Structure formats: C-alpha cells, structure tokens
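Structure record follows, encoded as structure tokens.
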There are 2 protein chains.
Amino acid sequence: MRRAARKRTTRQLEQVFKALEGDHTHPFAHEIYRRVHKRLPRISLATVYRNLHSLVDEGKIRTLLLDEQGARFDPETSQHDHFVCERCGRVVDLFLRQTRPVDLSSLAKQGYVVTTHSLTVHGLCQICAARRRTSRSQRPARKA
Amino acid sequence: MRRAARKRTTRQLEQVFKALEGDHTHPFAHEIYRRVHKRLPRISLATVYRNLHSLVDEGKIRTLLLDEQGARFDPETSQHDHFVCERCGRVVDLFLRQTRPVDLSSLAKQGYVVTTHSLTVHGLCQICAARRRTSRSQRPARKA
DNA sequence: TTGCTTGCAAATTTTTTGCAAAAAC
DNA sequence: GTTTTTGCAAAAAATTTGCAAGCAA
C-alpha cells in the first residue's frame, strides 16, 4: 500500500496540516474535515484523507489506532505515549518514556529488531478522577 | 454501547470460542468466521461478530486494535503485550511486564487512575530479522 | 503546457441492525 | 411455551478510488 510521493503544495494540504498543527485533541478525520471545511468550503472528505496520508508518509503527523471507530491523527511526532480516559474519551499525550523508558533490551537478546513502540494507558483522566472523588458516595448517575 | 448479557449457550457461541481458543495468530473476525464456517456451514458473519462481542463482554477473549484494517481477537486474557512485525505482519504475544513492569506510578501522582495499559512493539520478528541477516548484502528482492 | 491534485460520486471494507424463523431452556 | 439467538439482507460508518476538470509549477 505504498502511495506515490506528493509533488505539489496545495491550499488543501496546507489547511489540513494547519488544522492539526498544535492540536492536542487527537481528532478523527471527520473533525479535521469539519475544521478545514470552514476555510475551504469546497474541499471534500476524500481530499482530507488523501492529504492526511501524505502528511503521515512525510512524517509530519502520525496515525493513532485507539478506538474501534477509526483512526485519529496526531501532529506530535516525537516519541510519546497516550492516555485514554474510559469515561470522557479524552486522549492525552504522555511523555513517560522521557523519564521512565520502557526496557525492551530482552527483545533484542531474543533476536527481535525493535523499531518503535507505543504505550497506551487506560483509566480515568485527572478531571474524571477528581469528579469521581467528589461524588464518591452518590448512587450511580443515569446519563449524567 | 452496552450490550445485554448473553443468557443461553449455543453451538455458534461454542464454536466461535473454540476457533480462537489456544490460537496465537490474533485473527480478524473474517478468519474466525472462515474457521467456524467449516463446522457450521450455515453460520453468518453477523453471528460471529455478535458472539465475539459476547465473549469480549464476558472477559473470555480480548479485542486488539493494531491494524487500520480492523480488529483482531485474542484468547489470551492475561495482561500481556504484543510485537507486530513490520515485514511479515505477524503479531506475537510478549510477556515483558512479568519481568520488566512498566512504571506508571507517576500517573497516579498526577491524579490519573490507571486501569490497564497496552504496549505494542514494532520491528522485525525473530524470523524476519534472521532472514535479513542472512541476505544482508543482497539487493532488495521484488515480491519476496 | 504538463501532469499532479481535487471534487464528486460510486465503490469497498468492516461492522451493525431489523426482523422472522429456529433453537435453547 | 417463552424468550433468546440466529441467518439473511439491508444499513451504517470509515475509508478508498475512478475520472474529468482545475490548479501548481
């Protein structure tokens, strides 16, 4: 599934990248489409997908597979990890490995060649954990 | 997306579980359908999906999101990690955390509540790494 | 001008759902 | 006998593709 390298810069590509740049919410393709569509009302979702793929191929953004519903996109290209909140669904960047690197040395000894790794932590984010603490003794809410 | 708990045992459910039991290849739903279909030729893919979900809900199997093409299923329910080979696509179970637990204590200190985590390592599996070593100086092969 | 990229619509792929019939208990 | 589960077909949701027209270089 190798795609031909992109050769031209277009407004569509620029806007797709800008819609993601500096964003920490790890949006799905459709949300990126929604954002770009405000500036380029004629853009199609297919073009958003094509440009997201180009950006991934060029290493400018990354794909995240965290939900059954589809791929998320992340402009943070440094090696990092993610926290997924079970309650609110938020995905938070973690930089654990900067202070607590995962020890994969045993794999090399077993004959594996390690390129990258990704760590995903599931649980309650700071906000949802605090909320639960506050409402500790209340009976389970219906539908919030 | 909460499903009602299953109340009856059926041949379909049993066969879906048996098709996965003891398997270490982390198959997609369609491959499980293919296997079960040999024993129950009238089963439908929809039933395989429904039964896979039941088994996940009951904690008998787990869902793995590793590929863009869809979910894999894993009968290994103990806490473990995965290695994905970039060349052959194989997914191998890893039990790194039994000897090298990932240190997530800093998250608790920051107010997160951690439920589980998953670590996925990418690279070359033992077989593909060995093959590369053997054919080190050869020009890139076309189509294997 | 040349040929890459886009927009549109249709196609694909994976997974889910409605409903009558079949099976479980 | 009642209620759950199945099979089938159709629906949904996410993503990809063919192709003529538009745009970048």
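These figures come from a predicted structure and were not determined experimentally. Protein chains get the first letters and strands the later ones, always in sequence-line order, with residue 1 at the start of each.
Axis deviation across the helix from C:dT1-D:dA25 to C:dC25-D:dG1 amounts to 40°, comparing end segments of five pairs, rounded to 10 degrees.
A:Asp93 pairs by the salt bridge (charged side-chain N to carboxylate O under 4.0 Å, His left out) definition with nothing, not counting sequence neighbours. Take A:Glu68 and apply the salt bridge (charged side-chain N to carboxylate O under 4.0 Å, His left out) test, not counting sequence neighbours, and it matches no residue. In this structure, the salt bridge (charged side-chain N to carboxylate O under 4.0 Å, His left out) partners of A:Arg34, at least two apart in sequence or on a different chain, are A:Glu31. Annotation: salt bridge (charged side-chain N to carboxylate O under 4.0 Å, His left out) contacts of A:Asp74 (sequence neighbours excluded): none. Partners of A:His37 under the ring pair (Phe, Tyr, Trp, His ring centres under 6.0 Å) rule, at least two apart in sequence or in another chain, are A:Tyr33. Partners of A:Asp57 by side-chain hydrogen bond (donor to acceptor under 3.5 Å, both in side chains), not counting sequence neighbours, listed by chain and number: A:Arg3. Legend: residues meeting side-chain hydrogen bond (donor to acceptor under 3.5 Å, both in side chains) with B:Asp81, ordered by chain and number and at least two apart, are B:Arg97.
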Tell me which donor-acceptor pairs under 3.5 Å the side chains of residues 112-119 of chain B have, and how far apart each pair is, sequence neighbours excluded?
from, atom 1, to, atom 2, distance (Å)
B:Thr115, OG1, A:Glu86, OE1, 3.3
B:Thr115, OG1, A:Glu86, OE2, 2.9

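Less than 4.0 Å separates DNA chain C from no heavy atom of any residue of residues 26-35 of chain A. Contacts between residues 54-66 of chain A and DNA chain D, defined by a heavy-atom separation under 4.0 Å, are absent.
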> Base, backbone or nothing for each nucleotide of nucleotides 18-25 of chain D, written B, S, -, heavy atoms under 4.0 angstrom, 5' to 3'?
Replying inline: B-----BS
